[in-house]
Amino acid sequence: MHKKIYERCLETSIYTYLGKYKELIESLPNDIPSIGMLVCDQITHPTMYFTEPSLYLENTYFGKFSSYPKHRFKNEDELFITAVSMIAGILYLDESGFTKNKDVTKRITVSCRQASVLFSAILKAKGIPCRSRAGYMDFGNAGDSYTEHWVNEYWDFNENKWILADVDGYYEYEKRFGYSQFDLPRQKFVTASEAWLGLRRNTLNKKLDFFVPNLLQGACEYLLMDFHALMNNEIFYSYQPLYLRDGVQTLNENELCELDDLAELLADPDKNIDQIEHLWNTNEKLYNLTNNTQNIYYDTFR
């Protein structure tokens, strides 16, 4: 692994910094599946409260959703943007901390980006290089459609490669697919760069499900989130470069081609780390961010 990649994937950001909680996190198990399952057991996803949960999930995993306190938000993403805030929320609900098989009343309700950030923070504290990635996940098993999602890549020193993991799920409880959610097949995930370039060039042969009507707009946002995540800055859903505030449809062809170039680099971030880092350090418009509250659609489903 490139030294720059290794060092960056061990460093913490404002989002993955653990502060006074580092000692607590270091006391957790060291193996990936145990860590991953503990993260899963601290959270529920906001969509669970807006859809009809299966009896299987209620009876074997979450507990009765009807018992969820009426006064709590059914989406706590904006309360828990950082790993520190998530751990504080977990301890607030249950001072015993990271315990197994929690009922919904003792879990924070956050979506995939938050789960990914928490997992990254824990693995970094354990000395395991880890990075969050924004893209699209096949939640079935046939590649029929891919939905906006954040996952993780962690470095396996034995196999000398990145392993794909998803801690925002419950695959381990269902045993549906015959593989671990902490060692996913690569075809399960479409990167943001593949989505952007495929839409731009009309070569994408996969169906993408977006929570926005403009597919290219959605791909643009995930492309920029993935870029920031790879640079160890796991920005929130509504944080976007200021120049994109009015949407991708306002960009001229030169600006669109600049994003094409960025996507080409992100298609192989390890190989292109020097060029990606150069953009990060020199292209101000890519990191001059605003909270794009004019166009919020992350509130319920992500």
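Side chain of Asn281 to backbone of Glu277: a donor-acceptor contact under 3.5 angstrom is found. Side chain of Tyr154 to backbone of Phe182: a donor-acceptor contact under 3.5 angstrom is found. The backbone N or O of Val167 lies less than 3.5 Å from no partner atom in the side chain of Asn152, so there is not a single donor-acceptor pair. For His228 (side chain) and Leu286 (main-chain N/O), a donor-acceptor pair under 3.5 Å exists by modelled atom type. No donor-acceptor distance shorter than 3.5 angstrom exists from the side chain of Lys100 to the backbone of Leu38, with no hydrogens or angles considered. Although no hydrogens or angles enter the test, the distance criterion places a donor-acceptor pair under 3.5 Å between the side chain of Asp226 and the main chain of Ala134. No side-chain donor-acceptor contact under 3.5 Å links Tyr146 to the backbone of Ala195. Between the side chain of Gln42 and the backbone N or O of Val39, no donor-acceptor pair lies under 3.5 Å. In terms of modelled atom types and a separation under 3.5 Å, the side chain of Lys188 and the main chain of Gly143 share no donor-acceptor contact.
Side chains of Arg72 and Leu93 form a contact here, defined as non-hydrogen atoms less than 4.5 Å apart. Here the side chains of Cys257 and Asn254 are not in contact, with every heavy-atom distance at 4.5 Å or above. Using a 4.5 Å cut-off on side-chain heavy atoms (C-beta onward), Leu197 and Glu264 make contact.
Applying the side-chain hydrogen bond (donor to acceptor under 3.5 Å, both in side chains) criterion to Ser34, with sequence neighbours excluded, gives Asp31. Legend: residues meeting salt bridge (Lys or Arg N to Asp or Glu O under 4.0 Å) with Lys20, ordered by chain and number and at least two apart, are absent. The salt bridge (Lys or Arg N to Asp or Glu O under 4.0 Å) check on Lys161 picks up Glu159, with sequence neighbours excluded. With sequence neighbours left out, the ring-ring contact (aromatic ring centres under 6.0 Å, His included) criterion links Tyr239 to Phe236. For the salt bridge (Lys or Arg N to Asp or Glu O under 4.0 Å) test, no residue two or more places apart in sequence or in another chain qualifies with Lys124. Applying the side-chain hydrogen bond (donor to acceptor under 3.5 Å, both in side chains) rule to Arg131 yields the partners Glu153, Asp270; only residues at least two apart in sequence or on another chain are considered. The ring-ring contact (aromatic ring centres under 6.0 Å, His included) search around Tyr68 returns Tyr49, not counting sequence neighbours. In this structure Arg200 satisfies the side-chain hydrogen bond (donor to acceptor under 3.5 Å, both in side chains) test together with Glu253, Asp260, sequence neighbours excluded. When the salt bridge (Lys or Arg N to Asp or Glu O under 4.0 Å) test is applied to Asp183, no partner is found at least two apart in sequence or on another chain. Applying the side-chain contact (heavy atoms from CB on, under 4.5 Å) criterion to Asp94, with sequence neighbours excluded, gives Ser96, Thr99, Lys102, Lys106. Every residue two or more places apart in sequence or in another chain that forms a side-chain contact (heavy atoms from CB on, under 4.5 Å) with Ser13 is listed here: Tyr15, Thr16, Asn232, Glu234. Annotation: ring-ring contact (aromatic ring centres under 6.0 Å, His included) contacts of Phe227 (sequence neighbours excluded): Trp280.
In plain terms, the two heavy atoms of Tyr136 and Ala192 that are nearest each other are CE1-CA, 4.1 Å. Of all non-hydrogen atoms in Phe177 and Phe139, the two that sit nearest each other are CZ-O, 3.7 Å. Heavy atoms only, all atoms of each residue included: Leu184 and Ala165 are closest at CD1-C, 4.3 Å. Annotation for Val104 and Ser67: closest pair CG2-OG, 3.7 Å, computed over non-hydrogen atoms. Closest approach of Ala263 and Ser193 over heavy atoms only: O-CB, 3.2 Å. In terms of heavy atoms, Asn214 sits closest to Leu216 at OD1-N, 3.0 Å.
With a 6.0 Å radius and a threshold of 12 heavy atoms from other residues, nucleotides or ligands, Tyr243 has its OH atom above the threshold. Within a 6.0 Å sphere centred on OH of Tyr92, other residues, nucleotides and ligands contribute 12 heavy atoms or fewer. Around the NZ atom of Lys285, the shell of radius 6.0 Å holds more than 12 heavy atoms that belong to other residues, nucleotides or ligands. In Ile14, the CD1 atom is not crowded: 12 or fewer heavy atoms of neighbouring residues, nucleotides or ligands sit closer than 6.0 Å. Other residues, nucleotides and ligands contribute over 12 non-hydrogen atoms within 6.0 Å of the NZ atom of Lys126.
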Next on the checklist: Determine whether Met231 and Tyr287 satisfy the following criterion, side chain to side chain contact (heavy atoms under 4.5 Å, CB included), listing intermediate values before the conclusion.
Outcome noted: CA-CA 11 Å; Met231 292 293 98; Tyr287 55 77; over 6 Å; no
Next on the checklist: Assess the residue pair Glu194 and Arg133 against the criterion (salt bridge (charged side-chain N to carboxylate O under 4.0 Å, His left out)); give the C-alpha distance rounded to whole Å, side-chain angles, the decisive distance to 0.1 Å, and a yes or no.
Outcome noted: CA-CA 13 Å; Glu194 180 183 349; Arg133 300 297 305 269; over 6 Å; no
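Grouping the Ile, Leu, Val, Met, Phe, Trp and Tyr side chains by contacts below 4.5 angstrom, directly or via other members, places Leu242 apart from Leu224.
Taking CG of Leu10 as the reference point, atom CD1 of Ile5 lies at 12.0 Å (rounded to 0.5 Å).
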